[in-house]
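Since the structure comes first, as structure tokens, the remarks are kept for the end.
Below, chain A is the first sequence line, B the second, and so on; all start at residue 1. All values derive from a computational prediction rather than experimental measurement.
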Amino acid sequence: MNSEHIVLPRSFYARHAVEVARDLLGMRLVRIEAGRRVAGIITEAEAYEGEEDLACHARFGRTPRNGIMYGAPGFAYVYFTYGMHWMLNAVAEPEGVPAAVLIRAIQPTEGVDLIAARRGMRPPDQWTDGPAKLTFALNIARAQNGADLCDPSGELFIERGEPFPDAQVIQTARIGLFHTPEPWKSIPWRFVIVQEKKASRKEAETQRNLK
DNA sequence: AGCACGATTAACT
DNA sequence: GTTAATCGTGCTC
């Protein structure tokens, strides 16, 4: 583990989810598979914060599924949805406050052959440009729920990367909230890299809709 | 116990 | 632009 591979400390996550989401852009998501690194730079993320946020899974209070969000920051909250997809989140805020950041897209940088083995049937720019695409590409599922993202000896963690300047980051409403009432439906808690082809597909639709 | 729906994706018209 | 796929979760009765 050389100096270029420094995991983000737990204090990084012990802040408001919105700040964590913004600052995760440019950081490196690392998955260890059979001793090999499969990794990518985070290019899109969304914040889900508190029981009052009606888009957050904590809106019904603490349940068996979302309990991890109420725990210590810096852990992975991985959940199953739409009957077939896994989503990866990083728990934010100090223990007791339910909040998490959904990782929506990454730009592959390491272990590309392993990603290609799972996603190679499509063009490379569509390998990890969506929340369920990247978990499939990095083989992240139920077994990774609760993983300590601050543990560099674990199987899933996030390292410090090169932060993106504000000029390269745009903020929009979160994606996929159909029945969520305002103001939560439109609150700009999604952060994505500008002109980034590695961002999730629906970004283009969102940007069009905002004009 | 039953039911509506989901922080999505890929395929199809 | 539209829709099927597919099942765990949590609400309602």
Can you tell me how far P of dG6(B) sits from CZ of Arg59(A), to the nearest Å? 8 Å
Rounding to an integer number of Å, can you tell me how far Trp184(A) CH2 sits from dG6(B) P? 18 Å
Give the rounded distance in Å between these two atoms: NE2 of His85(A) and C1' of dT6(C). 9 Å
Kindly work out whether a path of hydrophobic side-chain contacts (I/L/V/M/F/W/Y, heavy atoms less than 4.5 Å apart) joins Met27(A) to Phe75(A). no
Tell me what His57(A) touches on the nucleic acid: a base, only sugar-phosphate, or nothing, going by heavy atoms under 4.0 Å. base
Rounded off to whole Å, could you give me the CZ-to-C1' distance for the Arg104(A) and dA7(B) pair? 7 Å
Select base, sugar-phosphate, or nothing to describe what Arg119(A) touches, counting heavy atoms under 4.0 Å on all strands. sugar-phosphate
Just call it for Ala132(A): base, sugar-phosphate, or nothing, with non-hydrogen atoms closer than 4.0 Å on any strand. sugar-phosphate
Could you measure between the two P atoms, the one in dT6(C) and the one in dG2(B), and give it in whole Å? 23 Å
Please report the distance, rounded to the nearest Å, between CE in Met84(A) and P in dA10(B). 11 Å
Using only side-chain N and O atoms of Arg190(A), determine if any of them is under 4.0 Å from OP1 or OP2 of dA7(B). no
Tell me whether the side-chain N/O atoms of Arg65(A) come closer than 4.0 Å to OP1 or OP2 in dG6(B). no
Taking any heavy-atom pair under 4.0 Å as a contact, classify Arg174(A): base, sugar-phosphate, or nothing. nothing
Between CD of Gln126(A) and C1' of dT8(B) the distance, given in whole Å, is 14 Å
Do we get Arg118(A) above Phe136(A)'s six-membered ring, with its NZ or CZ under 6.0 Å from the centre and within 45° of the axis? no
Take atom CD1 of Ile175(A) and atom C1' of dT9(B), then tell me their distance rounded to the nearest Å. 14 Å
With C1' as the reference atom in both, quote the distance from dG1(C) to dA7(B) in angstrom, rounded to an integer. 22 Å
Pairing partner of dT6(C) (Watson-Crick or G-U wobble, both distances under 3.5 Å): none
Kindly state whether the pair Tyr48(A) / dA7(B) counts as stacked, where counting means centroids closer than 5.5 Å and planes tilted less than 30° apart. yes
